[in-house]
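Below: the structure, in structure tokens.
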Number of protein chains: 2
Amino acid sequence: MINDALEAKTNAVQRRERGVDRILQILEFLQRRGEGIRIGALANALNAPRSSTYTLVNDLTEAGLLEISQEDSRIFFGKRIYLYGLSYIHENSLAKRARMEVDRLARETGETSEFCVLHNGRYTLMHMCVGNRPFRISSAVGVQIPLPWTASGRLLLAGRSRKEIVELIPPEDFVLPDGRRIEINDFLEAIEKARHDGYCLTKGLVDTVAQCLAAPIYDAVGLVEATICLVLPIDLSEGQTGMLRDRLLASSRALSSR
Amino acid sequence: MINDALEAKTNAVQRRERGVDRILQILEFLQRRGEGIRIGALANALNAPRSSTYTLVNDLTEAGLLEISQEDSRIFFGKRIYLYGLSYIHENSLAKRARMEVDRLARETGETSEFCVLHNGRYTLMHMCVGNRPFRISSAVGVQIPLPWTASGRLLLAGRSRKEIVELIPPEDFVLPDGRRIEINDFLEAIEKARHDGYCLTKGLVDTVAQCLAAPIYDAVGLVEATICLVLPIDLSEGQTGMLRDRLLASSRALSSR
DNA sequence: GACAGTTGTCTCGTATATAGTACAATTATT
DNA sequence: AATAATTGTACTATATACGAGACAACTGTC
């Protein structure tokens with residue numbers, strides 16, 4: 001046992017890895033870490049050889065995807081990758097349409113509307129257009145929220161098996177910020193209902209004074225690939241929510257394939 | 001001549017290229033193009049072999065940096081690269097501080113403020129916080145504007161030789177949207193003045209009813225690596241602009257490396 | 001002031017990723 | 001319907017990018 005470990009440590013000839021894969025690892029690691037890291041530490045963290053890590057990071061830096069802080073030589077994402085990101089939101093065929101639709105929705109209804117996707121097992125806010133209510137939602141583009149906390153989360157999971165869902169969501173994601181616990185069975189039922197209804201309404205989950213009205217965006221094969229969603233004050237009349245729902249569903253249909 | 005060309009075409013054994021470099025080419029090409037492209041066309045455009053282009057694009061797609069439209073199989077930037085981009089603006093050591101400072105500046109002065117860098121020979125708007133004036137500037141994060149059109153452009157070029165500047169800026173960039181032409185010599189003088197003053201004020205260039213007040217952010221070796229800038233209505237009093245300038249310069253100093 | 005740890009650069013042999021080619025399946029074009 | 005062009009996948013050989021290791025220049029630590 002101990003011998004194996006030692007042997008593994010000394011003799012281990014590291015599998016040769018493509019630069020391409022290493023780059024993807026670097027970028028992903030850098031995001032997950034959430035702050036700059038020096039090259040040596042990066043190589044350790046990925047247990048990649050220092051030599052090739054240097055060349056790759058230098059290449060990426062030269063290309064502008066990474067930047068190295070001059071004072072403490074930590075690595076960060078660079079300008080260029082930011083601009084590529086903006087290209088996603090402006091040009092990606094789905095994102096572009098969704099963004100325009102969300103802006104229109106917010107303009108017409110006056111309510112905060114959002115475009116969300118499933119990313120890394122969480123609800124992820126990709127675009128938001130704030131409404132003109134005096135009360136403001138404290139959300140920001142890029143935030144990632146546990147699926148059970150959101151209406152969109154229920155739709156994004158629609159059609160998946162119980163097993164898949166349970167595997168995808170870490171247990172702690174069933175506990176709301178204020179400590180309340182969401183029962184898995186209730187959650188699964190809500191997903192089923194959302195799937196059947198073609199939309200989902202949740203009240204006072206993340207924020208106790210807000211309700212969320214979400215609708216699916218279906219891809220070409222009929223799966224929910226994203227959602228649009230309205231963030232509303234909790235005290236609207238039946239009639240008001242009904243009208244908003246119809247308006248939202250119109251957008252949902254406009255964005256879905258055929 | 002013709003023979004050479006023919007021979008080059010038939011016999012040319014393409015230099016083997018690293019996947020890493022190819023990826024950088026792909027991303028850059030995709031942004032410059034500004035819309036989706038199919039893999040075959042991409043390989044042509046880069047004159048890269050189809051086979052390796054396929055593997056690379058597939059790798060990037062699997063990683064989430066690219067997405068392939070299901071209906072017409074065109075390639076776009078993917079979600080993941082958007083989130084990486086957001087990491088730049090939130091975590092990159094300069095961008096993070098600049099962003100916070102710009103927000104503070106806008107809050108305190110009530111004026112629209114911006115964080116800009118030099119990218120691909122153009123002024124590039126990286127972050128903006130709109131003020132509370134009734135009149136709104138129609139600018140958006142990511143826009144790239146010819147350097148001569150902006151106050152920030154003058155500062156970003158400060159310290160460079162005439163030769164460098166002329167080479168960097170394409171001739172058409174000296175013509176404003178409304179047809180007015182900026183004389184190179186006036187421009188060079190303005191750069192020199194900006195460098196000397198440590199800030200730059202331009203009136204009515206891109207927009208005839210706006211003036212821009214820009215200040216440099218110096219890097220560790222004393223070069224202007226970015227600027228912050230206020231977008232103001234053109235009819236402010238001397239006293240008002242003076243106060244705003246002082247406030248702006250305080251931010252500029254706070255962001256610069258000693 | 002000696003010692004350990006880290007950083008950035010370089011050189012070298014070999015495992016392997018890339019260019020090339022081929023092929024069936026689509027899609028466009030005539 | 002026949003022809004042409006394109007797409008996506010698979011298969012090899014060989015040019016080369018990667019891992020390993022060595023080195024000097026710093027940086028901190030006791």
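Protein chains get the first letters and strands the later ones, always in sequence-line order, with residue 1 at the start of each.
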Interatomic distance, A:Glu17 CD vs D:dA20 P [rounded to whole Å]: 12 Å
Set of side-chain contact (heavy atoms from CB on, under 4.5 Å) partners for B:Arg80, sequence neighbours left out: A:Glu28, A:His119, A:Asn120, B:Leu65, B:Tyr84
Over all atoms of both residues, closest heavy-atom pair of B:Ile217 and B:Ser256: CA-OG, 3.5 Å
Under 3.5 Å donor-acceptor pair, B:Arg16 side-chain atoms to D:dA17 base atoms: no
Gap between atoms CG and P, on A:Leu56 and C:dA17 respectively (whole Å): 14 Å
side-chain contact (heavy atoms from CB on, under 4.5 Å) partners of A:Thr55, counting only residues at least two apart: A:Ser52
Closest-nucleotide 5' rank along DNA chain C - winner of A:Arg18 and A:Asn58: A:Asn58
All N/O contacts under 3.5 Å from nucleotides 3-8 of chain C to the protein, with atom names and distances to one decimal?
residue	atom	partner	partner atom	Å
C:dG8	OP2	A:Tyr54	OH	2.8
C:dG8	N7	A:Arg50	NH1	3.2
C:dG8	N7	A:Arg50	NH2	3.4
C:dG8	O6	A:Arg50	NH2	2.8

side-chain hydrogen bond (donor to acceptor under 3.5 Å, both in side chains) contacts in which one or both residues fall within residues 146-158 of chain B, not counting sequence neighbours: B:Ser152-B:Thr227
A:Asp21 CG - D:dG19 C1' separation (whole Å): 15 Å
Atom-pair distance (CZ on B:Arg74; C1' on D:dT7), nearest Å: 16 Å
Non-neighbouring partners of B:Leu188 that pass side-chain contact (heavy atoms from CB on, under 4.5 Å), sequence neighbours left out: B:Arg162, B:Ile165, B:Ile184, B:Asn185, B:Ile191
side-chain N/O A:Arg22 vs D:dG19 OP1/OP2, d < 4.0 Å: yes
B:Asp246: partners by salt bridge (Lys or Arg N to Asp or Glu O under 4.0 Å), with sequence neighbours left out: none
